[in-house]
Protein chains: 2
Amino acid sequence: MKHNGKTNPPGRVKIMKSFSALMKKKDFHSITTAEIAGNAKVTEGLIYKYFKDKKELLYQVLNEYFFEFLVKIEDRVANEKTCVDKLSVVIFSSLESYADNRVFSKILLLEVRNSLEFFNSCAYGRVRKYAGTILGIIEDGIQKKELKPDTDPYLLRKVILGAIEHACLGEIIFGRELDIEQVSSGIVNIVFNGVKA
Amino acid sequence: MKHNGKTNPPGRVKIMKSFSALMKKKDFHSITTAEIAGNAKVTEGLIYKYFKDKKELLYQVLNEYFFEFLVKIEDRVANEKTCVDKLSVVIFSSLESYADNRVFSKILLLEVRNSLEFFNSCAYGRVRKYAGTILGIIEDGIQKKELKPDTDPYLLRKVILGAIEHACLGEIIFGRELDIEQVSSGIVNIVFNGVKA
DNA sequence: TTTGTAAGTAAGCGTTACTTACCGACGCAA
DNA sequence: TTGCGTCGGTAAGTAACGCTTACTTACAAA
């Protein structure tokens with residue numbers, strides 16, 4: 001019997017919470033299904049009632065976190081007027097979410113990209129929404145002449161996303177603290193004004 | 001019996017080549033030791049004569065590729081005089097290597113970072129060397145007033161590395177072509193001059 | 001009362017990464 | 001030339017893993 005997704009039974013919630021807790025301490029591959037089930041106090045078989053396989057559990061957990069992430073970003077962006085302010089908010093909020101929810105950032109930055117299956121998941125759909133929002137802001141900024149007219153919007157998005165991710169990568173991998181304010185304003189300054197004297 | 005590293009027997013070479021070939025088509029987790037051995041025409045046990053485990057094989061393959069990568073980068077950087085030119089060469093050469101050797105970039109960007117073991121490997125030592133070179137160029141550029149005096153060298157390095165990686169990430173994941181020249185000059189332009197009108 | 005279905009269990013399945021014990025060939029010193 | 005250690009490689013396992021199957025229980029609607 002398969003789960004049709006219309007309900008959210010306690011077993012399913014327990015499995016996701018258990019997995020999420022384990023992801024705080026270990027990497028995906030070294031977490032076993034026995035561990036997930038034992039920690040959730042359900043049997044191993046139940047995992048496969050709600051999730052096609054172990055990876056889908058990973059994607060669904062990411063999907064839930066990404067939903068909250070998206071809501072926060074979209075909400076904050078809507079409060080800003082200029083392109084520069086909107087992008088600054090994107091950079092700050094992304095860093096904040098990555099710093100605050102280490103499981104979220106670990107999954108998104110370290111665990112899902114190695115498998116092509118991810119790119120067919122709901123979670124990846126949300127990633128595309130996030131990316132689409134940023135692209136929209138950039139294109140609007142070029143049109144309104146806030147950004148240089150020869151800016152390649154796709155490349156600028158890549159640079160911004162890459163800067164955000166790499167700026168907190170070490171901190172996420174090694175579990176260190178992150179000074180969001182400083183890193184965020186530093187990235188904003190480099191990307192908007194450049195570093196050449 | 002363990003391998004002491006003084007020799008490089010044909011079996012070891014065959015295993016690494018076989019694994020590398022498989023990494024062209026599949027991700028690390030879905031490659032089995034049976035597949036590696038079968039493809040290399042050796043027995044499965046021989047893998048564990050030369051490599052502690054499957055992950056160490058991954059790290060050693062990366063280590064070999066990173067060696068060539070480092071040589072090329074260091075060599076080209078030495079031919080440039082200004083900080084901007086040196087960093088431009090770093091950006092171009094990194095993108096070029098990532099585009100030319102997809103197995104190398106797949107391993108480095110998608111497969112090793114999820115496990116802390118990697119950060120004790122020789123390959124990671126080479127990553128640090130690469131990162132150290134970039135930091136040196138930046139610090140030199142600040143000192144020689146080519147770069148703005150308030151630049152945070154560590155953050156600038158992160159932005160550059162993040163930009164490089166994210167700029168080719170999609171192409172690496174989905175096996176698409178990459179216009180190195182265009183992407184490279186685009187990143188250089190954004191990072192040095194900024195995008196604000 | 002019956003029927004259908006969702007939630008959950010128990011036990012097993014084939015594969016996987018990895019281990020152990022062994023083999024033959026070669027170098028080399030006694 | 002015999003004995004011995006080492007190196008490259010093999011064969012045959014083993015425990016544990018991800019996942020499947022068949023089953024049970026609870027309960028709501030007809």
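Numbers restart at 1 for each chain; the letters A, B, ... are given by sequence-line order, proteins then strands. Computed over heavy atoms, backbone and side chain alike; hydrogens, waters and symmetry mates excluded.
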| Smallest separation among heavy atoms of A:Ser20 and A:Val103, with atom names | O-CG2, 3.5 Å
| field | Side chain of A:Val42 (C-beta onward), nearest among C:dG8, C:dT9, C:dA21 | value | C:dT9
| Sequence-distant partners of B:Arg128, side-chain hydrogen bond (donor to acceptor under 3.5 Å, both in side chains), two or more places apart | none
| remark: Separation of D:dG8 atom P from B:Ile47 atom CD1, nearest Å, is 16 Å
| message | I'd like to check B:Glu146 versus B:Asp140 (side-chain heavy atoms, cut-off strictly below 4.5 Å). Are they in contact? | response | no
| said: Expressed as a whole number of angstroms, how long is the span from B:Ile36:CD1 to C:dT15:P? | reply: 18 Å
| field | B:Leu58 CG to C:dA17 C1', straight-line distance once rounded to whole Å | value | 15 Å
| Does the side chain of A:Tyr50 get closer than 4.0 angstrom to OP1 or OP2 of C:dG8 through an N or O atom? | yes
| message | My understanding is that only residues two or more places apart in sequence, or in another chain, count here; which of them pass side-chain contact (heavy atoms from CB on, under 4.5 Å) with B:Ser30? | response | B:Lys26, B:Asp27
| task | Figure out the NZ/C1' separation between B:Lys41 and D:dA11, and round it to whole Å. | result | 20 Å
| said: If I take atom CG in residue B:Leu46 and atom P in nucleotide D:dC7, what distance separates them, rounded to the nearest angstrom? | reply: 14 Å
Identify the pairs formed between an N or O of the protein and an N or O of nucleotides 16-19 of chain D at a distance under 3.5 Å, and give each distance.
from, atom 1, to, atom 2, distance (Å)
D:dG18, OP1, A:Ile31, O, 3.4
D:dG18, OP1, A:Lys54, NZ, 3.0
D:dG18, OP2, A:Thr33, N, 2.6
D:dG18, OP2, A:Thr33, OG1, 2.7
D:dC19, OP2, A:Tyr48, OH, 2.9
D:dC19, OP2, A:Lys54, N, 2.9
D:dC19, N4, A:Glu44, OE2, 3.3

| Heavy-atom check, side chain of B:Tyr124 versus side chain of B:Asn120, under 4.5 Å | no
| request: Determine whether the side chains of B:Ser93 and B:Lys72 contain a donor N or O and an acceptor N or O closer than 3.5 Å. | output: no
| query | Between B:Ile15 (CD1) and D:dG9 (P), how many Å, whole number? | reply | 8 Å
